[in-house]
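Atoms within each ligand, like the ligands themselves, are counted from 1 in listed order.
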Amino acid sequence: MNQRVAIIGAGPSGLSQLHAFEKARLNGIDIPEIVCFEKQKNWGGLWNYTWRTGLDEHGEPVHGSMYRYLWSNGPKECLEFADYTFSDHFQKNIPSFPPRPVLYDYITGRAKSENLDRYIQFETVARRVEYDQDSDQFQVVVEDLKTQQEQCQTFDYVIVATGHFSIPNVPHLEGLESFSGRVMHSHDFRDAEEFRDRNTVVIGSSYSAEDIALQMYKYGARSVTIGYRSSPMGFNWPEGIKEVPLPMKLQGKSAQFADGTDQDDLDAIILCTGYLHSFPFLEDSLRLKTHNCLYPDGLYKGIFWQDNPKLMYLGMQDQYYTFTMFDAQAWYARDVILGNIALPEASVRLEDMTTWKTREEALSNPFEDIDFQTDYIKDLCAATDYEDFDLDAAANAFKTWEHHKVENILTYRDQAFVSPCNGEKAPVHHTPWLNALDDSMAAFLATEKELVVKAG
Ligand code: FAD
Ligand code: NA7
């Protein structure tokens, strides 16, 4: 096969794609030439923690949005690779809600085991992608950030795996310009320690607002007032966290919310207002324009750009499932490129997208959202040889997780789930999340006995 495929991004989605091709190659299948461009020094995408905010050492926007003490916000059983389980990687059964370094080790462990780095050009940023109708190929301009040299290469397929939780959505809230405390977006949040004994406001009512409010609580902020636009998260918040409606009126260091709640002596406002899908390197006719939703417009099977299916996107959906979904998408994309799956004509693709989009528009609660994304992954997996696993069990685990959060938002991470891949039930972690201040892999993987010995 003398075709060439460009993969842009070596985060979890890009690594799934590399793995899918590598698996085919190891099975004796002739695969195209694959080149993956990654702007960071290392792989793992958002899971590759950086202390940096703003611009990186090359003057590029920092990709990372994860914070130092982030722990998985969903059960690991719902994101497990079917062909490389947590037990395969760690050689033991581990608890359900690992801290970031453990998940980083898992994702990159599968990639390391296949030496996938040989396909990746690190510190190389995609600058421009254009499609040439005459040759039916893409011109991809990349810059080596170390030498600042640009280079143009030709590819038959382009797979965009650059993520969509990196460029912050920063709305203007009235009065912010005169607020004398700190204002930041969750993209730049790294450590709640700096807010110990501080009064904080968190804007937003989704995953970032929820988890950053919990981080503030865990690390000793004096108060957290969460301002929501549409509806509150409604959890049973501990004393010190409350949810109030926007808009808020700011004056000096004081805020007044729509329900009359006043908060004085405010030190910081954290905008947990989500992210923008941003692809500055794509020519306009190739650029996905969407918001954070379960079925972005214009992507057949949630992957193929309708106007030019040789351009593919991975992981552009809002995510219940993450690594599992990226694998399912990567397998499907690979099989289309290898000619195992024939894409139908444009009108049939449009009809399929419309059916999914219509269903998405009718979704009215998280359980329906979970079923939607489960069915989406099932639809992809049915067409490929991705390893069998019990997706219904994963969907049920997500629903149980939702119940746990409603029961007690402080303890949901202390629960244990059953793997949909090998049926093993996870052990309960030795330390409740709220008291677990050491997020290292060694501490997480240690047994209670080992911890006692270490403590002396
Ligand atoms: P990313 O991880 O964003 O990776 C994209 C890669 O593309 C990066 O390496 C980036 O450097 C590279 N790139 C970008 N632009 C270019 C360019 N022009 N040229 C070359 N390379 C480029 N998911 C979970 O499963 N569990 C969690 O607990 C969880 N917590 C999260 C917490 C936060 C704060 C955030 C923001 C997300 C969280 N997620 C979580 C979701 C996360 O989106 C996925 O887990 C996953 O990282 C998405 O993988 P990706 O490869 O699609 O994108
Ligand atoms: P999300 O899930 O896209 O949520 C964005 C939130 O920001 C949502 O609650 C929005 O409110 C709120 N928002 C957006 N614009 C505004 C304005 N102008 N004013 C007030 N509130 C606003 O992003 P997250 O960062 O929470 O989560 C993204 C990923 O990061 C996720 O995968 C996590 O695992 C971590 P709305 O509800 O629309 O009124």
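In this structure, the protein non-hydrogen atom closest to atom 28 (C) of ligand 2 is Phe165 CE2, 3.4 Å. The shortest contact between atom 37 (O) of ligand 2 and any protein heavy atom is with Ser205 OG, 3.6 Å. In this structure, the protein non-hydrogen atom closest to atom 1 (P) of ligand 2 is Ser206 OG, 3.6 Å. Protein heavy atom at the shortest distance from atom 26 (O) of ligand 2 is Ser208 N, 2.9 Å. The protein non-hydrogen atom at the shortest distance from atom 39 (O) of ligand 2 is Ser230 OG, 2.3 Å. The protein atom (non-hydrogen) at minimum distance from atom 23 (O) of ligand 2 is Gly274 CA, 3.4 Å. Counting only heavy atoms of the protein, atom 3 (O) of ligand 2 lies nearest to Asn292 ND2, 3.0 Å.
Residue Ser96 forms a side-chain hydrogen bond (donor to acceptor under 3.5 Å, both in side chains) with just one option from His429, Glu77, Lys76, and that option is Glu77. Phe189 pairs in a ring-ring contact (aromatic ring centres under 6.0 Å, His included) with only one of the listed residues (Tyr67, Tyr69, Tyr219), which is Tyr67. Between His19 and the options Trp331, Trp43, Tyr119, Phe81, a ring-ring contact (aromatic ring centres under 6.0 Å, His included) holds for only Trp331.
Aromatic rings from Tyr275 and His185 are positioned such that their centres are separated by under 6.0 Å. Ring centroid separation for the pair Phe398 and Tyr321 comes in under the 6.0 Å cut-off.
Relative orientation of the Tyr295 and Trp356 rings is parallel, given thresholds of 30° and 60° on the angle between their planes. Using cut-offs of 30° and 60° for the angle between ring planes, the Phe281 and Phe279 rings count as perpendicular. Taking the six-membered ring where tryptophan is involved, the planes of Phe90 and Phe86 are essentially parallel, since the angle between them stays under 30° and well short of 60°.
If you look at Tyr207 next to ligand 2, the close heavy atoms, those under 4.0 Å, come from the backbone and the side chain alike. With a 4.0 Å cut-off on non-hydrogen atoms, Thr273 touches ligand 2 through its backbone as well as its side chain.
Counting the atoms of ligand 2 from 1 in the order shown, those under 4.0 Å from a heavy atom of Cys272 are 6 (C), 7 (O). Annotation for ligand 2: atoms under 4.0 Å from non-hydrogen atoms of Asn169 are 14 (C), 15 (N). Listed by number with element, the atoms of ligand 2 under 4.0 angstrom from any heavy atom of Tyr275 are 25 (O). For ligand 2 and Ile203, the ligand atoms under 4.0 Å from any heavy atom of the residue are 20 (C). Listed by number with element, the atoms of ligand 2 under 4.0 Å from a non-hydrogen atom of Pro171 are 17 (C), 18 (N). Annotation for ligand 2: atoms under 4.0 Å from non-hydrogen atoms of Leu246 are 20 (C).
Other residues, nucleotides and ligands contribute over 12 non-hydrogen atoms within 6.0 Å of the CD atom of Glu57. Under a cut-off of 6.0 angstrom, the local environment of CG in Asn236 is sparse, with at most 12 non-hydrogen atoms contributed by other residues, nucleotides or ligands.
Side-chain polar atoms of Gln153 and Gln151 form a donor-acceptor pair below 3.5 angstrom. Side-chain polar atoms of Asn199 and Ser223 form a donor-acceptor pair below 3.5 angstrom.
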Mind listing the N or O contacts between ligand 1 and protein, cut-off under 3.5 Å?
residue: ligand 1; atom: 2 (O); partner: Leu46; partner atom: N; Å: 2.9
residue: ligand 1; atom: 3 (O); partner: His63; partner atom: NE2; Å: 2.7
residue: ligand 1; atom: 9 (O); partner: Glu38; partner atom: OE1; Å: 2.7
residue: ligand 1; atom: 9 (O); partner: Glu38; partner atom: OE2; Å: 3.1
residue: ligand 1; atom: 9 (O); partner: Gln40; partner atom: NE2; Å: 3.3
residue: ligand 1; atom: 11 (O); partner: Glu38; partner atom: OE2; Å: 2.6
residue: ligand 1; atom: 11 (O); partner: Gln40; partner atom: NE2; Å: 3.0
residue: ligand 1; atom: 18 (N); partner: Ala126; partner atom: O; Å: 3.3
residue: ligand 1; atom: 19 (N); partner: Ala126; partner atom: N; Å: 2.9
residue: ligand 1; atom: 21 (N); partner: Lys39; partner atom: N; Å: 3.1
residue: ligand 1; atom: 25 (O); partner: Thr322; partner atom: OG1; Å: 2.6
residue: ligand 1; atom: 28 (O); partner: Asn73; partner atom: N; Å: 2.9
residue: ligand 1; atom: 28 (O); partner: Asn73; partner atom: OD1; Å: 3.0
residue: ligand 1; atom: 43 (O); partner: Gln319; partner atom: OE1; Å: 3.0
residue: ligand 1; atom: 45 (O); partner: Trp47; partner atom: NE1; Å: 3.0
residue: ligand 1; atom: 47 (O); partner: Trp47; partner atom: NE1; Å: 3.2
residue: ligand 1; atom: 51 (O); partner: Pro12; partner atom: N; Å: 3.2
residue: ligand 1; atom: 51 (O); partner: Ser13; partner atom: N; Å: 2.8
residue: ligand 1; atom: 51 (O); partner: Ser13; partner atom: OG; Å: 3.4
residue: ligand 1; atom: 52 (O); partner: Ser13; partner atom: OG; Å: 2.7

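Considering backbone and side-chain atoms together, Ser186 places no N or O closer than 3.5 Å to any N or O of ligand 2. For Asn73, a nitrogen or oxygen atom sits less than 3.5 Å from a nitrogen or oxygen atom of ligand 2, counting backbone and side chain alike.
Which of His185, His164, Arg229 comes nearest to atom 17 (C) of ligand 2 through a heavy atom is settled by distance: it is Arg229.
Classification of Glu210 and Lys405 as a salt-bridged pair holds, one side-chain N sitting under 4.0 Å from a carboxylate O. A salt bridge between Arg110 and Asp88 is absent, with no side-chain N of the basic residue lying under 4.0 Å from a carboxylate O of the acidic one.
For Tyr228, the closest heavy-atom approach to ligand 2 does not fall below 4.0 Å.
One finds the CZ atom of Arg198 at 12.0 Å from the CG atom of Leu266 (value rounded to the nearest 0.5 Å).
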